[in-house]
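First up is the structure itself, then whatever we jot down about it.
Only this structure's heavy atoms are used, side chains among them; waters, hydrogens and symmetry mates stay out.
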Amino acid sequence: MWRRSLHAGYRCFGCKSVGPKGIFGPRAVRACSAPAFPADRITARQAVDIWKRHFEEKGVTEPDHSSQYIIAHLLGAKTIEILEQQKLTEFLSQEKIEQIWTLCTRRLSRMPVQYVIEEWDFRDLTLKMRSPVFIPRPETEELVELVLTDLQMEQVNGDTQHTCLEVGCGSGAISLSLLYSLPQLVAIALDQSQDAVDLTRENALRLGLQDRLQIHHMDVIKDAETVLSLCSPVSALVSNPPYLFSEDMVSLEPEILRFEDHTALDGGKDGLKVIKQILTLAPEILSNHGRVYLEVDPRHPPLIRQWVEANVEELHYMETRHDITGRPRFCIFQKKKSNKDHKLDLD
């Protein structure tokens with residue numbers, strides 16, 4: 001499958017994680033009137049140039065990639081680069097020009113391209129995307145690789161039966177990517193958003209993975225007892241939880257503030273509200289030696305380690321892993337072997 005460039009594909013549209021999840025400096029949003037509809041016939045190449053210039057004038061981030069991805073999508077390709085030159089230089093139909101103007105005008109409102117074209121690639125999968133469900137970032141592909149490597153190693157060692165729990169499934173990117181790569185894996189996916197649950201289910205059906213995925217509309221904090229009863233035991237618990245510090249929310253780009261679910265981003269005052277709940281429940285959910293894999297803010301690992309060592313004695317903090325940019329991004333824990341049942345006080 002042709003892959004969109006990670007860096008071009010994600011950083012273009014206000015969605016790159018730099019430190020916190022997708023934070024950039026505040027930027028004024030200008031009026032979003034579209035350019036005049038062309039009086040004469042135009043080619044796809046000319047349409048790309050018209051909209052690139054207009055995006056630049058209106059302060060839209062990554063104007064070149066924005067116009068290229070939208071127009072390539074409407075011409076049936078992932079990227080402009082793989083289109084035949086003939087398609088770029090032949091005149092567009094009136095209907096196609098109208099479609100381009102409609103979708104590019106949505107981007108002009110600062111709607112992320114992923115929502116404009118209603119799909120995006122995540123590892124080997126093309127997933128449907130729909131606002132306000134959180135758009136998966138490239139760091140999360142790295143999180144999947146960590147989990148996948150460990151589960152594959154256990155299969156080599158003869159342990160082939162695994163169940164994975166994903167907390168905060170969004171579009172289903174993590175669970176579906178793991179299921180696609182591991183045919184014997186079974187997964188459970190939770191999200192507090194009905195929109196996310198519906199989109200995960202839609203993506204699972206489109207990919208033919210629905211038979212190995214249970215999907216629940218559930219809040220890991222409010223529905224803790226139900227989570228414990230429905231989701232135990234699992235050998236891996238993975239999550240890209242809301243981890244922004246609440247004070248950082250005001251610095252988000254318009255693409256995020258206007259279109260993405262704030263509850264998938266805001267982790268409370270210290271960014272750890274949901275993370276602490278996941279780690280509190282983890283010993284009751286994991287099988288012996290089961291692991292937790294979390295994507296976190298680069299400021300979090302020492303804070304999380306200190307908190308776990310003081311509050312969750314059944315979990316061993318194994319390591320912090322860095323993302324491709326060198327930031328401490330992933331925390332991995334393992335449940336200590338225990339033969340006794342623990343009664344968790346959730347009051």
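- At a threshold of 4.5 Å between non-hydrogen side-chain atoms, the residues L209 and R212 count as touching.
- Side-chain contact between R137 and E142 is absent, with no heavy-atom pair separated by less than 4.5 Å.
- Residue L199 is found in a hydrophobic cluster whose other members, listed by chain and number, are V133; membership requires side-chain heavy atoms under 4.5 Å apart, directly or through intermediates.
- Proximity of a side-chain donor or acceptor of D223 to a complementary backbone N or O of V227 within less than 3.5 Å is not detected.
- In this structure, D219 contributes its side chain and K222 its backbone to a donor-acceptor pair below 3.5 Å.
- Side-chain contact between L92 and I100 is present, with at least one heavy-atom pair separated by less than 4.5 Å.
- The residues R305 and E309 are annotated as salt-bridged, a charged nitrogen and a carboxylate oxygen being separated by less than 4.0 angstrom.
- In terms of the salt bridge (charged side-chain N to carboxylate O under 4.0 Å, His left out) criterion, E247 has no residue partners (sequence neighbours excluded).
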Review point. Side chain to side chain contact (heavy atoms under 4.5 Å, CB included) between I50 and H54: does it pass, once the steps are laid out?
Key: CA-CA 6 Å; I50 289 170; H54 199 71; 5.5 Å; no
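- Checking side-chain atoms of H216 against main-chain N and O of D191 turns up no donor-acceptor pair under 3.5 Å.
- Distance alone, capped at 3.5 Å, is enough to place a donor-acceptor pair between the S246 side chain and the G268 backbone.
- Ion pairing between E90 and R41 fails under the 4.0 Å rule for side-chain N and carboxylate O.
- Formation of a donor-acceptor pair under 3.5 Å by the Q277 side chain with backbone atoms of V220 is found in this model.
- In this structure, K276 places its NZ atom where more than 12 heavy-atom neighbours from other residues, nucleotides or ligands lie under 6.0 Å away.
- No donor-acceptor distance shorter than 3.5 angstrom exists from the side chain of K335 to the backbone of G290, with no hydrogens or angles considered.
- Listed for the Q334 side chain is a donor-acceptor partner under 3.5 Å among the backbone atoms of H289.
- Separating the CG atom in D211 from the CG atom in L179 is a distance of 10.5 Å, to the nearest 0.5 Å.
- Shown here are the salt bridge (charged side-chain N to carboxylate O under 4.0 Å, His left out) partners of R321, two or more places apart in sequence or in another chain: E319.
- For the ring pair (Phe, Tyr, Trp, His ring centres under 6.0 Å) test, residues two or more places apart in sequence or in another chain that qualify with W101 are F37, W51.
- We find the NZ-CD distance between K336 and E314 to be 8.0 Å, quoted to the nearest 0.5 Å.
- Residues V312 and F333 form no side-chain contact, since every pair of their non-hydrogen atoms from C-beta on lies 4.5 Å or further apart.
- Residues L230 and V186 fall into different hydrophobic clusters, defined by Ile, Leu, Val, Met, Phe, Trp and Tyr side chains chained together at heavy-atom separations under 4.5 Å.
- For H65 and F55, the ring centers are positioned 6.0 Å apart or more.
- When all heavy atoms of R110 and P254 are compared, the closest pair comes out as NH2-CD, 3.9 Å.
- Closest non-hydrogen pair, P241 versus E295, comes out as CD-O, 3.3 Å.
- Rounding to the nearest 0.5 angstrom, the gap separating the OG1 atom in T149 from the CD atom in Q152 is 6.0 Å.
- Residue P233 comes nearest to T163 through the heavy atom pair O-CB, 4.4 Å, listed as atom of the first residue, atom of the second, then distance.
- R206 meets the salt bridge (charged side-chain N to carboxylate O under 4.0 Å, His left out) test with no other residue; sequence neighbours excluded.
- Between atom CG of residue L74 and atom CD of residue E98 there is a gap of 12.0 Å, rounded to the nearest 0.5 Å.
- Nearest heavy atom pair, residue L315 against residue L286, reads CD2-CD1, 4.2 Å.
- For the salt bridge (charged side-chain N to carboxylate O under 4.0 Å, His left out) test, no residue two or more places apart in sequence or in another chain qualifies with K128.
- Minimum interatomic distance between R45 and I80 (heavy atoms only, all atoms of both residues): NH1-CG2, 4.3 Å.
- In this structure, the side chain of E141 engages the main chain of R123 through a donor-acceptor pair within 3.5 Å.
- Heavy-atom neighbours of Q194 CD from other residues, nucleotides or ligands within 6.0 Å: above the threshold of 12.
- One finds the OG1 atom of T200 at 6.5 Å from the CG atom of L176 (value rounded to the nearest 0.5 Å).
- Atom-to-atom distance recorded for M129:CE and F122:CZ is 8.5 Å, nearest 0.5 angstrom.
- For the pair R299 and F245, the cation-pi criterion (under 6.0 Å, within 45° of the ring axis) is fulfilled.
- Counted by atom type alone, E255 and T61 present one or more donor-acceptor pairs between their side chains at under 3.5 Å.
- Remark: side-chain polar atoms of S67 are paired, donor with acceptor, to backbone N or O of D64 under 3.5 angstrom.
- Across every non-hydrogen atom of P298 and R329, the tightest pair is CD-NH1, 3.6 Å.
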Practice item. Start with the C-alpha distance between L178 and E166, add both sets of side-chain angles, then the distance that settles side chain to side chain contact (heavy atoms under 4.5 Å, CB included), and finish with yes or no. Key: CA-CA 10 Å; L178 290 170; E166 180 186 5; over 6 Å; no
